[in-house]
Amino acid sequence: MADKTRSQKLKRLVAVQRHLEQMAEFDLAETSRQRAEVNDQMDSVILALGSMDPVHHAFSQGYADRFNRLGIKDKQLTGMQQIHEMRVVQERAKGDRLEDGMREALEAERREADDNAVYDLIDQKFATPASSKLQKS
């Protein structure tokens with residue numbers, strides 16, 4: 001279909017852009033899930049570090065190292081989460097602009113169709129048999 005109207009092309013672009021937006025939202029959700037998991041692990045390590053159980057005292061240095069690694073991972077995930085949040089906002093804004101353009105194109109196409117319908121009526125009005133007789137005379 002090479003005859004696609006501008007609004008149809010924009011509608012397809014809007015669908016693609018909304019899919020990109022959904023992908024960005026999925027990435028954000030996955031990063032948030034990972035951060036929650038890291039925070040749960042950090043809480044567990046803190047509980048183990050603060051425990052009075054002698055078994056945990058033997059591993060206190062390992063717990064401290066693990067807590068530091070988890071802290072670094074949390075900072076990395078926080079940065080990634082911020083990037084994903086910005087990406088979601090950007091993709092949504094692009095989709096909204098494309099959708100606005102699609103609506104404007106659709107409205108312009110409707111106006112053009114209405115104008116053409118009026119011109120057709122005018123042409124029909126002046127192409128009556130009576131006017132044909134006058135032109136032949």
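Atoms considered below: every heavy atom in the structure, side chains included; atoms not considered: hydrogens, waters and symmetry mates.
The number of heavy-atom neighbours closer than 6.0 Å to CD of Glu30, taken from other residues, nucleotides and ligands shown, is above 12. Residue Arg33 places its CZ atom among more than 12 non-hydrogen atoms of other residues, nucleotides or ligands, all under 6.0 Å distant. Taking a 6.0 Å sphere around NE2 of His57, one finds it holds more than 12 heavy atoms contributed by other residues, nucleotides or ligands.
Comment: Arg103 does not engage Glu107 in a salt bridge, judged by the lack of any side-chain N to carboxylate O separation of less than 4.0 angstrom. Under 4.0 Å is where a charged nitrogen must lie from a carboxylate oxygen, and between Asp40 and Arg35 no such pair does.
Contacts classified as side chain to side chain donor-acceptor pair (under 3.5 Å) and involving residues 85-95 (residues at least two apart or in different chains) are given here: Gln17-Glu91, Glu21-Arg92, Glu25-Arg92, Asp27-Arg87.
Criterion: ILVMFWY side-chain heavy atoms under 4.5 Å apart, direct or through other members. Under it, Val55 and Leu47 are not part of a common hydrophobic cluster. The hydrophobic clustering, which links ILVMFWY residues whose side-chain heavy atoms are closer than 4.5 Å, places Leu28 and Phe26 apart. Neither Leu20 nor Val14 shares a network with the other; the hydrophobic side chains, linked directly or stepwise wherever heavy atoms of I, L, V, M, F, W or Y lie under 4.5 Å apart, form separate groups for each.
Atom CE of residue Met102 and atom CZ of residue Arg6 lie 11.5 Å apart, to the nearest 0.5 angstrom. Atom OG of Ser32 and atom NE2 of His84 lie 9.0 Å apart (nearest 0.5 Å). With rounding to the nearest 0.5 angstrom, the CG atom of Leu98 is 8.0 Å from the CZ atom of Arg18. Within the model, atoms CZ of Phe59 and CG of Asp53 stand 10.5 Å from one another, a figure rounded to the nearest 0.5 Å. Taking CZ of Arg97 as the start and CG of Leu13 as the end, the distance is 13.0 Å to the nearest 0.5 Å. Atoms CD and CZ, on Glu109 and Arg111 in that order, are 10.5 Å from each other to the nearest 0.5 Å.
Side-chain contact between Lys73 and Leu77 is present, with heavy atoms from C-beta onward closer than 4.5 Å. Put simply, the side chain of Leu70 does not reach to within 4.5 Å of the side chain of Asp74, judged on heavy atoms. For the pair Gln76/Ile72, a side-chain contact is recorded, criterion being any heavy-atom separation below 4.5 Å from C-beta on. Using a 4.5 Å heavy-atom cutoff, the side chains of Met42 and Arg66 are not in contact. The shortest distance between side-chain heavy atoms of Gln61 and Asp65 falls below 4.5 Å.
When only modelled atom types and interatomic distance are considered, Thr31 and Gln81 share no side-chain donor-acceptor pair under 3.5 Å.
When hydrophobic side chains of Ile, Leu, Val, Met, Phe, Trp and Tyr are connected at separations under 4.5 Å, Ile83 ends up clustered with Met86.
Leu10 and Ala105 make their closest contact through CD1-CB, 4.1 Å (heavy atoms, listed as atom of the first residue, atom of the second, distance). The minimum heavy-atom distance linking Phe67 with Val45 is given by the pair CB-CG1, 3.8 Å.
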